[in-house]
**Student:** 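Provided herewith is a single structure, encoded as structure tokens, for subsequent inquiry.
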Amino acid sequence: MAYENPSVDSFKGYFNRDFPYGVNPDTSILDSDIAKAFQMTNININQGLFGYQASYTIGYLLMSAHYLVMNLRASSQGINGQF
């Protein structure tokens, strides 16, 4: 069964108080940051683990948030980071 992936706006709505969204890459989460996390989720999520669209959507958003945080941590440490 093929499920529909959530949108960037769905991500922002689900995590409306968890990330500082905006347009300044130094202080905010950009739409492109979320899109990058979505790409990583697309590679790793197993749709067969979910019985319904609603549970798939939540799993997809949670996995994407994980990748978003991991990407932000890695980018903040630069090329010499130990991450």
Side-chain angles (χ1 to χ4, degrees):
M1 173 178 286
Y3 295 115
E4 184 177 326
N5 293 340
S7 66
V8 170
D9 288 333
S10 297
F11 184 94
K12 290 179 177 180
Y14 191 78
F15 296 106
N16 62 333
R17 296 177 51 91
D18 299 313
F19 296 103
Y21 306 110
V23 295
N24 183 345
D26 294 327
T27 60
S28 305
I29 302 298
L30 308 177
D31 287 358
S32 60
D33 297 325
I34 298 169
K36 181 179 178 183
F38 280 1
Q39 290 172 343
M40 296 176 79
T41 299
N42 289 337
I43 294 169
N44 292 293
I45 197 161
N46 182 350
Q47 290 188 0
L49 297 175
F50 302 94
Y52 302 98
Q53 175 68 51
S55 61
Y56 173 77
T57 298
I58 291 171
Y60 188 97
L61 292 171
L62 291 172
M63 184 179 272
S64 297
H66 167 75
Y67 284 122
L68 177 63
V69 170
M70 298 301 281
N71 290 340
L72 291 171
R73 287 180 177 171
S75 70
S76 69
Q77 293 189 11
I79 197 161
N80 293 322
Q82 299 296 315
F83 185 57

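Note that the numbering runs from 1 along the sequence shown for the chain. On a predicted model such as this, the values are computed, not experimentally measured, just so you know.
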**Student:** Looking only at heavy atoms, what is the nearest atom pair of S55 and G51, with distance?
**Tutor:**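 The pair with the smallest heavy-atom distance is OG-N, 3.9 Å.
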**Student:** What pair of heavy atoms forms the shortest contact from Q53 to E4, and how long is it?
**Tutor:**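 Nearest pair, atom of Q53 first, then E4: NE2-O, 2.8 Å.
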**Student:** Ring centroids only, cut at 6.0 angstrom: are Y60 and Y3 within range, meaning strictly under it?
**Tutor:**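 Centroid distance Y60-Y3: not below 6.0 Å, so no.
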**Student:** To the closest 0.5 Å, what do you measure between OG1 (T57) and CG (L62)?
**Tutor:**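 Going from OG1 on T57 over to CG on L62, the span is 10.5 Å.
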**Student:** Name the orientation class of the two ring planes belonging to F11 and F15 (parallel below 30°, tilted from 30 to 60°, perpendicular beyond 60°).
**Tutor:**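 Tilted.
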**Student:** To the nearest 0.5 Å, what is the distance between OG (S64) and CD (Q39)?
**Tutor:**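 Here the interatomic distance stands at 10.5 Å.
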**Student:** Spell out, yes or no, whether M70 and L30 are grouped together once hydrophobic residues are joined by side-chain heavy atoms under 4.5 Å, including indirect joins.
**Tutor:**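 They do not share one cluster, since no chain of ILVMFWY contacts under 4.5 Å joins M70 to L30.
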**Student:** Are L61 and L49 in one and the same hydrophobic cluster, where Ile, Leu, Val, Met, Phe, Trp and Tyr link if side-chain heavy atoms are under 4.5 Å apart?
**Tutor:**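 Shared cluster, yes.
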**Student:** Closer than 3.5 angstrom, by distance alone: can the side chain of N71 be matched with the main-chain N or O of L68 as a donor-acceptor pair?
**Tutor:**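 Not at all, since once roles are kept as given, no pair shorter than 3.5 Å links the two residues.
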**Student:** Do other residues, nucleotides or ligands put more than 12 heavy atoms under 6.0 Å from the NZ atom of K36?
**Tutor:**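 Counting other residues, nucleotides and ligands, NZ of K36 stays at 12 neighbours or fewer.
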**Student:** Measuring from T41:OG1 to N5:CG, what's the distance to the nearest 0.5 Å?
**Tutor:**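 That separation rounds to 8.5 Å.
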**Student:** Roughly how far, to the nearest 0.5 Å, is CG of N46 from OH of Y56?
**Tutor:**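 The OH atom of Y56 sits 9.5 Å away from the CG atom of N46.
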**Student:** Answer yes if the side chains of D31 and Y21 hold a donor-acceptor pair under 3.5 Å, and no otherwise.
**Tutor:**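 On atom types as modelled, these side chains do not qualify, holding no pair under 3.5 Å.
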**Student:** Is there side-chain contact between K12 and I29, with heavy atoms separated by less than 4.5 Å?
**Tutor:**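 K12 vs I29: side chains apart.
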**Student:** Is there a path from V69 to Y67 through hydrophobic residues (I, L, V, M, F, W, Y) whose side chains come within less than 4.5 Å of each other?
**Tutor:**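 They do share one cluster, since a chain of ILVMFWY contacts under 4.5 Å joins V69 to Y67.
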